[in-house]
Visitor: 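Sharing a structure here in structure tokens format.
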Amino acid sequence: MEIRARAPGKIILAGEHAVVHGSSAVAAAIDLYTQSSLHLPPPGDGGAGGEVEVDLTDSGLAFSWPCSRLLEALGETCRKAELQAPRPCSPEELASIARLVELHEIPEAKIWLSAGLSAFLYLYTSILGCRPGKVVVSSGLPMGAGLGSSAAFSVSLSGALLTAAGVVCAEGAVDGTEWRLLGKDHLELVNTWAFQGEKIIHGKPSGIDNAVSTFGSMIKFKKGELTNLKSGNPVKMLITDTRVGRNTKALVAGVSERASRHPDAMASVFHAVNTISEELSSIVELAATDEIAMTSKEEKLAELMEMNQGLLQCMGVSHSSIETVLRSTLKYNLVSKLTGGGGGGCVLTLIPTLLEKVTTELESHGFRCFKVEVGGQGLQIHQG
Ligand SMILES: Nc1ncnc2c1ncn2[C@@H]1O[C@H](COP(=O)(O)OP(=O)(O)O)[C@@H](O)[C@H]1O
Ligand SMILES: C[C@@](O)(CCOP(=O)(O)O)CC(=O)O
Ligand SMILES: [Mg+2]
């Protein structure tokens with residue numbers, strides 16, 4: 001049996017970090033995915049001699065554990081998982097899982113994978129027990145760059161494993177593709193499991209990343225509550241990856257430490273971010289109903305993003321590479337802010353729809369517009 005599940009990454013338009021401390025945040029799914037393909041031998045095949053394998057194709061590494069070894073280390077976890085109500089991974093269980101991960105020598109340069117492997121082992125053994133199987137993971141998302149690869153990993157894994165366990169099943173089809181969707185209750189269950197995976201990777205996640213990866217669309221998120229935002233006119237964002245690696249868990253912990261050193265000042269910062277996210281979400285919804293004032297709404301969005309970036313600097317999560325992107329885009333009057341954990345990673349730049357609008361108007365006269373890159377190569381030949 002083979003089951004494939006794919007889950008998208010996300011951008012956070014406003015509210016990262018503050019959302020961990022109870023503020024509102026606004027996030028949207030992007031069309032870059034992580035895919036998990038689960039292969040299970042027919043029941044009875046492999047038996048006690050079988051293995052659990054995971055092939056992380058993007059990092060070129062594969063790992064396996066004999067089922068007997070997993071059973072010995074995790075015992076109870078492998079026997080009595082409550083699939084409808086996942087329980088958090090206890091510190092003892094996490095320590096046993098970490099020892100199983102340490103059985104493999106992960107190259108120092110890729111040591112950050114160990115958190116993902118722990119989440120994998122937790123989700124696999126809790127949902128399917130110590131049953132043999134193989135998961136192949138591939139992703140179009142940069143890892144550790146603020147686009148929610150950790151959540152997409154946990155959501156796609158949970159989706160594939162829960163489908164195999166028979167507790168969720170796909171319903172409607174996605175137009176023109178081979179992919180199918182889950183109903184709301186089943187999505188809720190996947191989201192709850194994926195949140196447990198995120199906890200292993202992030203330490204103290206707000207839950208916004210797994211929620212937007214599970215449910216898609218554009219959402220406002222506050223203290224676990226999710227509101228779907230109807231954004232008729234999608235905002236256009238340029239995403240720039242500074243390629244400066246960082247780790248969300250450490251950044252989230254750094255903000256919490258600053259908050260405990262300066263509780264009042266940071267409470268004001270989080271409150272200001274909350275107001276920005278609330279205002280931004282109402283502008284997004286208004287833009288869906290009122291076409292004409294699009295330009296002024298974009299100006300407001302840009303201003304709110306700029307203010308949010310200033311507050312992220314207050315939290316200590318900007319970086320010199322991010323500041324370089326801000327300066328470069330400002331030269332063209334474009335506003336940018338970091339997205340996700342910060343400390344490097346990705347930066348969002350708001351692209352005005354005015355450009356699109358002028359094209360649409362010209363085309364409405366029957367003219368034809370081309371979007372071209374200029375100054376490229378001359379003649380090119382490919383011989384098979
Ligand atoms: N495809 C993947 N394979 C293995 N681990 C992954 C994968 N995607 C994400 N991870 C795990 O998630 C971590 C990155 O998460 P994080 O620091 O939250 O950044 P982000 O979620 O912004 O990409 C990686 O270090 C790894 O442990
Ligand atoms: C910083 C934070 O708000 C978002 C983290 O996103 P990412 O893992 O950097 O893609 C943390 C969270 O909400 O769990
Ligand atoms: Mg993450």
Visitor: Spell out, yes or no, whether V244 and L348 are grouped together once hydrophobic residues are joined by side-chain heavy atoms under 4.5 Å, including indirect joins.
Guide: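 In one cluster: no.
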
Visitor: Should the ring pair Y122 and W193 be called parallel, tilted or perpendicular, given that the plane angle runs from 0 to 90° and is split at 30 and 60?
Guide: tilted

Visitor: How far does OG of S149 sit from CG of L141, to the nearest 0.5 angstrom?
Guide: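 Interatomic distance, S149 OG to L141 CG, rounded to 0.5 Å: 6.5 Å.
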
Visitor: Are any side-chain N or O atoms of H186 and backbone N or O atoms of C169, one a donor and one an acceptor, separated by less than 3.5 Å?
Guide: yes

Visitor: How far apart are the C-alpha atoms of V52 and V54, what are their side-chain angles, what is the distance that settles it, and do they pass the side chain to side chain contact (heavy atoms under 4.5 Å, CB included) test?
Guide: CA-CA 7 Å; V52 171; V54 61; over 6 Å; no

Visitor: For S277 and S24, indicate whether the former's side chain and the latter's backbone hold a donor-acceptor pair under 3.5 Å.
Guide: yes

Visitor: Might you confirm whether atom CD of E361 has over 12 heavy atoms from other residues, nucleotides or ligands at distances under 6.0 Å?
Guide: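 No - once you tally the heavy atoms of other residues, nucleotides and ligands closer than 6.0 Å, there are 12 at most.
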
Visitor: Do T349 and T329 get their side chains close enough for a donor-acceptor pair, meaning under 3.5 Å?
Guide: no

Visitor: Salt-bridge test for K337 and E16: reply yes if a basic N is under 4.0 Å from a carboxylate O, no otherwise.
Guide: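 Salt bridge flag = yes for E16 with K337.
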
Visitor: If we count only N and O atoms by modelled type, under 3.5 Å, do the side chains of S156 and S36 hold a donor and an acceptor together?
Guide: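 Yes, S36 and S156 have a side-chain donor paired with an acceptor closer than 3.5 Å.
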
Visitor: Does a side chain donor of either Q309 or S336 reach within less than 3.5 Å of an acceptor in the other side chain?
Guide: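 Their side chains do not contain a donor-acceptor pair, so the 3.5 Å distance test is not met.
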
Visitor: For the residue pair D209 and I12, establish whether any side-chain heavy-atom pair is separated by less than 4.5 Å.
Guide: yes

Visitor: Does the side chain of C346 come within less than 4.5 Å of D241's, by heavy atoms?
Guide: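 Yes; the side chains approach each other to less than 4.5 Å.
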
Visitor: If you count the non-hydrogen atoms of other residues, nucleotides and ligands that lie under 6.0 Å from CD in E188, is the total more than 12?
Guide: yes

Visitor: Under a plain distance cut-off of 3.5 Å, with no hydrogens placed, do S256 and R258 share a side-chain donor-acceptor pair?
Guide: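 R258 vs S256: no donor-acceptor pair found between side chains.
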
Visitor: Check whether any side-chain heavy atom of T248 sits under 4.5 Å from a side-chain heavy atom of S150, and report yes or no.
Guide: no

Visitor: Checking side chain to side chain contact (heavy atoms under 4.5 Å, CB included) for the pair L103/R69: CA distance, chi angles, key distance, verdict?
Guide: CA-CA 11 Å; L103 291 175; R69 184 81 187 77; 3.8 Å; yes

Visitor: Got a second to check how far I208's CD1 is from K222's NZ, nearest 0.5 Å?
Guide: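 It comes to 12.0 Å.
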
Visitor: Evaluate the side chain to side chain contact (heavy atoms under 4.5 Å, CB included) criterion for residues L113 and L56: first the C-alpha distance (whole Å), next the side-chain angles of each, then the deciding distance (0.1 Å), finally the verdict.
Guide: CA-CA 9 Å; L113 278 178; L56 304 175; 3.9 Å; yes

Visitor: Look up atom CG in N247 and atom CD1 in I111, then write down how far apart they are to the nearest 0.5 Å.
Guide: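 N247 CG to I111 CD1: 12.0 Å, rounded to 0.5 Å.
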
Visitor: Enter the distance from L13:CG to N308:CG here, rounded to the nearest 0.5 Å.
Guide: 9.5 Å

Visitor: So V252 and H17, do their side chains get closer than 4.5 Å, heavy atoms only?
Guide: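 Yes, side chains in contact.
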
Visitor: Between CZ of F221 and OG of S281, what distance do you get to the nearest 0.5 Å?
Guide: 14.0 Å

Visitor: Any salt bridge between R327 and E323, counting N to O under 4.0 Å?
Guide: no

Visitor: Decide yes or no for D55 and V135: does some side-chain heavy atom of the first lie under 4.5 Å from some side-chain heavy atom of the second?
Guide: no

Visitor: Within a 6.0 Å radius of atom NZ on K110, are there more than 12 heavy atoms belonging to other residues, nucleotides or ligands?
Guide: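 Result for NZ/K110: enclosed.
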
Visitor: On the 0 to 90° scale, with breaks at 30° and 60°, tag the H365-F367 ring pair as parallel, tilted or perpendicular.
Guide: tilted

Visitor: How about L74 and S96: do any of their side-chain heavy atoms sit closer than 4.5 Å?
Guide: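 Result yes, sub-4.5 Å side-chain heavy-atom pair found.
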
Visitor: Less than 3.5 Å apart, any donor N or O on the side chain of S154 or E198 sitting next to an acceptor on the other?
Guide: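 The answer is no; no qualifying pair exists.
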
Visitor: Please determine if K220 and E285 form a salt bridge, counting it only when a charged side-chain N lies under 4.0 Å from a carboxylate O.
Guide: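 Salt bridge between K220 and E285, a charged N being under 4.0 Å from a carboxylate O: no.
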
Visitor: Should I201 and F153 count as side-chain neighbours, where that means a heavy-atom distance under 4.5 Å?
Guide: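 Side-chain contact under 4.5 Å: yes.
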
Visitor: Crowded around H271 NE2? As in, over 12 foreign heavy atoms under 6.0 Å?
Guide: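 Open.
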
Visitor: Taking atom types as modelled, find out whether T242 and H319 have a side-chain donor-acceptor pair closer than 3.5 angstrom.
Guide: no

Visitor: Using side-chain heavy atoms (C-beta onward) and a distance below 4.5 Å, is L229 in contact with S217?
Guide: no

Visitor: State whether the number of non-hydrogen atoms from other residues, nucleotides or ligands found under 6.0 Å of E225 atom CD is greater than 12.
Guide: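 Atom CD in E225 is not crowded, with 12 or fewer foreign heavy atoms closer than 6.0 Å.
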
